[in-house]
Number of protein chains: 2
Amino acid sequence: MILSKTCDHAIRATLYVALHQERNYVPIREISEHLGLSFHFLTKILQVLTQQKIMNSFKGPNGGVSLARPAQTISIKEIVVAIDGKGLFAGCMLGLDTCSDEHPCPLHQQWTVVRDQLEAVFAQTTLAYLADRIRNEGLRLANLDASSLVS
Amino acid sequence: MILSKTCDHAIRATLYVALHQERNYVPIREISEHLGLSFHFLTKILQVLTQQKIMNSFKGPNGGVSLARPAQTISIKEIVVAIDGKGLFAGCMLGLDTCSDEHPCPLHQQWTVVRDQLEAVFAQTTLAYLADRIRNEGLRLANLDASSLVS
DNA sequence: TATATTTAAGACATAAGACTCTTTATTCTT
DNA sequence: AAGAATAAAGAGTCTTATGTCTTAAATATA
Ligand code: FES
Ligand code: FES
């Protein structure tokens with residue numbers, strides 16, 4: 001798997017929030033129910049995004065989470081790095097402890113070309129862009145058999 | 001991590017064998033010592049490659065493993081699929097249970113472009129090509145602090 | 001045939017990731 | 001002030017990946 005489950009959940013949750021930006025805060029309970037994943041687990045994940053200043057949170061009635069910055073300025077790459085670290089964009093494909101042009105492994109040349117493209121695509125893909133496409137094209141944020149949840 | 005550790009080990013081991021093709025069989029013990037990984041673990045991994053007809057094995061004195069086909073005909077993709085399955089080249093980036101153009105997730109368009117390129121690169125990169133480059137350019141198969149092992 | 005060498009197989013152990021539960025802290029509403 | 005709603009924090013559990021160990025099977029050599 002490219003991304004950890006934790007990271008998958010983080011991206012889906014931030015997209016859900018981006019789709020509901022008109023509201024002040026979106027409760028985590030609502031997100032977890034709409035995306036079909038554990039409330040407590042999602043809470044832990046979003047705590048990290050809050051600590052990383054990607055989201056804001058607010059306790060108490062009418063509380064929840066919101067994007068800390070305009071959705072146009074938050075990239076998918078940023079979320080991936082916040083949750084999974086920069087390994088995907090910097091690590092060795094063969095799992096060696098360093099990846100560098102000076103001491104490349106056999107797959108270094110092949111991998112870095114693809115990796116740089118992946119990084120560029122993720123860096124320029126923002127939550128705002130994806131939220132627009134979700135709205136306009138009906139892209140799914142959950143499994144098909146649970147799509148009724150997404151409302 | 002893109003590939004599992006198991007898959008990393010498999011690729012490194014097959015490359016080691018490809019570098020020693022002049023010999024009939026290469027003992028797994030020798031491979032594990034040169035690559036700095038567990039003999040028993042590597043044995044299990046290479047068993048899978050043997051079952052998948054990518055390698056041959058032979059028991060007893062002067063036994064070991066060898067490539068089942070010419071190194072020119074074995075691609076990295078084939079090894080990745082044998083060990084990790086086809087998930088990397090077919091699965092949803094967001095971890096949803098299906099990935100299809102008909103019901104795409106928000107990252108589908110971005111990911112499939114990169115994924116198809118990764119698949120193409122891996123499919124056309126053979127053990128023979130990589131072994132040549134290892135020989136000619138001194139690419140490393142092990143960590144730097146263990147590179148003396150690789151002889 | 002006896003012994004050494006090597007892979008095959010499977011049980012077992014450890015570590016990491018994924019998820020659950022309980023308690024605490026904060027804020028709103030009444 | 002009291003109670004309800006919500007996130008934060010942390011302990012605990014379950015599952016999967018990784019790694020280890022022991023025994024069996026096959027083969028060569030003497
Ligand atoms: S050194 Fe292995 S991918 Fe760069
Ligand atoms: S549906 Fe998610 S990547 Fe294709």
Side-chain angles (χ1 to χ4, degrees), chain A residues 1-14 16-17 20 23-33 35-68 80 83-85 87-88 94-95, chain B residues 1-14 17 20 23-33 35-68 80 83-85 87-88 94-95 97:
Chain A
M1 218 165 347
I2 296 279
L3 305 177
S4 67
K5 286 264 181 219
T6 301
C7 193
D8 292 338
H9 298 339
I11 293 172
R12 298 207 287 143
T14 50
Y16 183 90
V17 173
H20 293 78
R23 296 152 59 190
N24 291 341
Y25 288 101
V26 182
I28 300 177
R29 174 76 63 183
E30 174 186 330
I31 306 172
S32 72
E33 285 174 354
L35 297 184
L37 40 88
S38 152
F39 165 71
H40 290 293
F41 190 26
L42 182 57
T43 294
K44 285 186 124 18
I45 297 169
L46 296 184
Q47 273 173 32
V48 175
L49 294 183
T50 300
Q51 290 158 0
Q52 301 282 328
K53 313 286 191 195
I54 292 173
M55 305 197 93
N56 289 323
S57 69
F58 201 80
K59 292 178 182 174
N62 306 316
V65 294
S66 64
L67 300 180
V80 170
I83 300 293
D84 282 348
L88 177 59
L94 282 184
Chain B
M1 215 164 354
I2 295 279
L3 305 176
S4 67
K5 287 263 182 218
T6 301
C7 194
D8 291 338
H9 298 340
I11 294 172
R12 298 207 286 144
T14 50
V17 174
H20 294 79
R23 296 153 57 190
N24 289 343
Y25 289 100
V26 182
I28 299 177
R29 175 75 65 183
E30 175 187 328
I31 306 173
S32 70
E33 285 173 353
L35 297 184
L37 40 88
S38 152
F39 165 71
H40 289 293
F41 191 26
L42 182 57
T43 294
K44 282 181 118 38
I45 296 168
L46 295 185
Q47 273 173 33
V48 176
L49 294 183
T50 301
Q51 290 157 359
Q52 301 283 328
K53 313 288 190 193
I54 293 173
M55 305 197 91
N56 290 323
S57 69
F58 200 81
K59 292 176 181 175
N62 307 315
V65 294
S66 65
L67 301 180
V80 170
I83 300 292
D84 283 349
L88 177 58
L94 281 184
D97 53 13

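To find a chain, count down the sequence lines: A is the first, B the second, and so on, and within it residues start at 1.
Inter-residue side-chain proximity for L37(B) and R12(B) is flagged as met; some heavy-atom pair is nearer than 4.5 Å. The closest side-chain heavy-atom distance from V65(B) to Y25(B) is not below 4.5 Å. In this structure the side chain of L46(A) reaches within 4.5 angstrom of the side chain of I28(A), judged on heavy atoms.
In this model, the phosphate group of dT6(D) is not approached by any side-chain N or O of S57(A) to a distance below 4.0 Å at OP1 or OP2. Regarding contacts with the backbone of dG19(D), every side-chain N or O of S38(B) stays at 4.0 angstrom or more from both OP1 and OP2.
As rounded to whole Å, 12 Å separates atom C1' of dT7(C) from atom CG of L42(B). Counting to the nearest Å, the C1' atom of dA17(D) and the CG atom of D8(B) are 13 Å from each other. Here dA8(D) presents its C1' atom at 15 Å from CG of N56(A), a figure rounded to the nearest Å. Remark: C1' of dA18(C) and NE2 of H9(A) are 8 Å apart, rounded to the nearest angstrom. Note: CG (N62(B)) to P (dA30(D)) measures 10 Å, nearest angstrom. Atom NZ of K5(B) is separated from atom P of dT20(D) by 13 Å (rounded to the nearest Å). H40(B) places its NE2 atom 13 Å from the C1' atom of dC12(C), with the value rounded to the nearest Å. For F58(B) and dA4(C), the CZ to P distance is 20 Å, given to the nearest whole Å.
Nucleotides of DNA chain C nearest to F39(A) and L46(B) differ in position, and the one nearer the 5' end is that of L46(B).
In the set dC19(C), dT6(D), dA28(D), dA28(D) carries the atom at the smallest distance from any side-chain atom of P61(B). Closest approach to the P27(B) side chain among dT6(D), dT7(C), dT20(C) is made by dT7(C) (side chain taken as heavy atoms from C-beta onward). Between dG19(D), dA9(C), dA18(C), one nucleotide has an atom nearer to the side chain of T6(A) than all others, and that is dA18(C).
Counting non-hydrogen atoms of neighbouring residues, nucleotides and ligands closer than 6.0 angstrom, the CG atom of N24(A) reaches no more than 12 such neighbours.
Nucleic acid contact class of Q51(B) (heavy atoms, under 4.0 Å, all strands): sugar-phosphate only.
Rounded to the nearest 0.5 angstrom, E30(B) CD and H20(B) NE2 are separated by 5.5 Å.
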